[in-house]
Amino acid sequence: MKIEPISVSELNRYIKDRVAEDEYLKSVFVRGEISNFKHHYTGHMYFTLKDENSLIKCIMFKSSTATLNFVPKDGMKVNVLGNVAVFERDGVYQIYCKAMQEDGVGDLYTKFKELKNKLEAEGLFNEEHKKKIPMMPKIIGVLTSNTGAVIRDIINVSTRRNPNCYIRLLPVPVQGTGAGEKIADAIKLMNEKKLADVLIVARGGGSLEDLWPFNEEVVARAIYDSEIPIISAVGHETDFTIADFVADLRAPTPSAAAELAVTDISDLEDRIYLYKNRLKLLLRKKVEIMRLRYEKCMASKVFTEPDYKIKEYYLTIDKLLKNMNILINSKMKDFKIKMVQATTRLDTISPLKTLARGYGILEKDDIIIKSVKQLKKDDNVKFRLVDGEVKAKII
Amino acid sequence: MKEKGFEEMLDELEEIVQTLEKEDLNLDESITKFEQGMKIAKDCNKKIEEAEKKITILLNENEDLKEENFSVDG
């Protein structure tokens with residue numbers, strides 16, 4: 001009997017079904033290196049996964065790519081979780097990836113944690129050891145690559161805040177093997193030769209692998225031992241490297257580091273200007289108070305009428321004199337009145353008048369005799385008349 | 001030549017202003033304090049103007065360090 005040929009599709013479908021039935025291929029966890037990676041505009045990712053001697057095609061649908069916490073790139077070692085299936089049209093089997101993680105990230109991350117704990121235990125992160133960032137550093141040292149956005153941002157921000165700032169860049173590799181040693185050496189060099197008053201150690205964003213030099217112990221110790229205060233600005237805002245923990249101050253971004261290192265000159269000038277104004281105001285106030293007190297004194301009579309005291313005395317004297325006169329006059333008037341009264345009374349009772357009318361005063365031993373009983377015979381008496389006295393005896 | 005740090009000068013200036021505000025100084029003391037304050041303010045401004053813009057790059061050629069001007073786009 002003749003063997004009928006089957007179609008290609010039928011063959012591919014057969015293979016597809018065989019593969020689909022296989023339990024193991026339903027979920028595989030594969031390690032390999034990414035190559036000819038393409039991120040299709042539809043959002044799906046196409047790449048091949050290879051090791052030294054073979055490769056396999058992979059596809060990751062857009063929905064699954066959401067779970068990625070890194071940006072896949074050619075040459076990256078990754079672990080892929082997915083299922084193997086045949087794509088009939090091309091007669092190709094591939095892994096349909098559901099999840100992917102950087103391979104080796106695992107051990108890098110653990111290395112990071114171990115080193116972090118070790119250095120923390122040793123006290124390299126202690127707050128008390130951290131130095132204060134000087135407000136007006138004369139020279140700002142920057143350790144980063146001399147190309148790329150980092151140094152540009154730092155220069156732009158710094159010069160905007162202080163047009164006369166002095167930035168000294170010591171270029172260092174910020175990625176790859178050996179970068180850690182170079183960064184550490186650069187920090188030591190800056191210290192030995194006292195080339196700056198503050199140091200900014202910075203690099204842009206990247207994967208854990210990219211940032212790895214800043215997690216190395218040699219860098220951590222160089223930062224710790226540095227006499228010059230260090231501001232670290234490594235990776236994105238969310239990345240924390242060991243350098244950030246040891247640094248005297250951690251800035252989320254290179255620009256923020258520049259802001260922390262360079263004081264805004266206009267703010268400073270305003271502040272000084274305000275102080276000067278307050279000083280002037282206070283002095284003027286003090287002088288004003290003093291002037292008022294001075295004027296008050298000068299206004300007093302002592303100065304305006306220096307002789308007022310004398311005048312006052314004169315016044316008092318005059319017053320007293322006046323009073324005396326008044327008193328004297330009134331006293332004199334009284335006396336006069338009294339005298340007149342007395343004389344008139346005297347006149348009225350004056351014996352002279354009666355004598356003048358022919359009467360006389362009879363006295364015995366200077367007592368005026370008013371009754372005969374007062375007399376007895378032979379008494380010596382005196383008899384006074386208007387024009388004189390005579391003596392007589394009572395007979 | 002550890003001359004007074006900028007920050008110390010600023011703190012001193014602040015202190016003088018406060019003394020003039022709070023204590024009741026006599027006129028002479030006030031004047032001397034005032035003059036001190038103004039001098040420090042002048043020095044501060046001088047320090048700011050004195051600074052001169054320099055953006056340089058250090059080049060490490062076989063152990064000796066050379067410093068050259070650096071511009072970002074250069």
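Within every chain, numbering begins at 1; the chains are lettered A, B, ... in the order of the sequence lines, protein sequences first and strands thereafter.
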Just checking [X]: does its [atom1] atom have more than 12 heavy atoms from other residues, nucleotides or ligands closer to it than 6.0 angstrom?
X        : atom1 : result
A:Lys188 : NZ    : yes
A:Glu295 : CD    : yes
A:Phe70  : CZ    : yes
A:Lys131 : NZ    : yes

Original post:
So which of B:Ile40, B:Ile48, B:Asn60 has the largest heavy-atom pair count under 4.5 angstrom toward chain A?
Top reply: B:Ile48

Does any backbone or side-chain atom of [X] lie under 4.5 Å from a heavy atom of chain B? Answer side chain, backbone, both or neither.
X        : result
A:Thr159 : side chain
A:Met290 : side chain
A:Ile140 : neither
A:Lys193 : side chain
A:Ile265 : side chain
A:Arg152 : both

**OP:** Could you look at B:Leu59 and say if it's the side chain, the backbone, both or neither that has a heavy atom under 4.5 Å from chain A?
**Re:** neither

Subject >> Contact origin within B:Glu21 toward chain A - heavy atom pairs under 4.5 Å >> reply: both

Sequence neighbours excluded and cut-off under 3.5 Å, please list the side-chain donor-acceptor pairs for residues 9-17 of chain B, or say none.
from: B:Glu12; atom 1: OE1; to: B:Lys4; atom 2: NZ; distance (Å): 3.1
from: B:Glu14; atom 1: OE1; to: A:Tyr275; atom 2: OH; distance (Å): 2.1
from: B:Glu14; atom 1: OE2; to: B:Gln18; atom 2: NE2; distance (Å): 2.7

Spatial distance of atom [atom1] ([X]) from atom [atom2] ([Y]) [nearest 0.5 Å]:
X        : Y        : atom1 : atom2 : answer
A:Ser158 : B:Lys53  : OG    : NZ    : 10.0 Å
A:Arg284 : B:Phe34  : CZ    : CZ    : 8.5 Å
A:Met135 : B:Glu8   : CE    : CD    : 11.5 Å
B:Asn45  : A:Ile272 : CG    : CD1   : 4.5 Å

Original post:
Which residue out of A:Val287, A:Leu268, A:Thr147 racks up the most heavy-atom pairs below 4.5 Å with chain B?
Top reply: A:Leu268

**OP:** Report the option among A:Ile289, A:Ile139, A:Leu283 that has the most heavy-atom pairs separated by less than 4.5 Å from atoms of chain B.
**Re:** A:Leu283

Is there a side-chain contact between [X] and [Y], using heavy atoms and a 4.5 Å cut-off?
X        : Y        : value
B:Thr56  : A:Leu169 : no
A:Arg168 : B:Phe70  : no
A:Lys276 : B:Met38  : yes

**OP:** Kindly indicate, with the supporting measurements, whether the criterion side chain to side chain contact (heavy atoms under 4.5 Å, CB included) is fulfilled by B:Glu7 and A:Lys132.
**Re:** CA-CA 12 Å; B:Glu7 222 162 330; A:Lys132 209 167 101 45; 2.7 Å; yes

Can you see which heavy atom on [X] is nearest to which on [Y], and at what distance?
X        : Y        : value
A:Ile155 : B:Ile55  : CD1-CG2, 3.6 Å
B:Phe6   : A:Met136 : CD2-CG, 3.4 Å
A:Asn164 : B:Ala51  : CB-O, 3.3 Å

Original post:
Can you check side chain to side chain contact (heavy atoms under 4.5 Å, CB included) on A:Leu189 and B:Leu65, steps first, answer last?
Top reply: CA-CA 10 Å; A:Leu189 179 66; B:Leu65 214 52; 3.8 Å; yes

**OP:** Name all pairs fulfilling the side-chain hydrogen bond (donor to acceptor under 3.5 Å, both in side chains) condition that reach into residues 24-37 of chain B, sequence neighbours left out, sorted by first residue then second.
**Re:** A:Lys286-B:Asp24

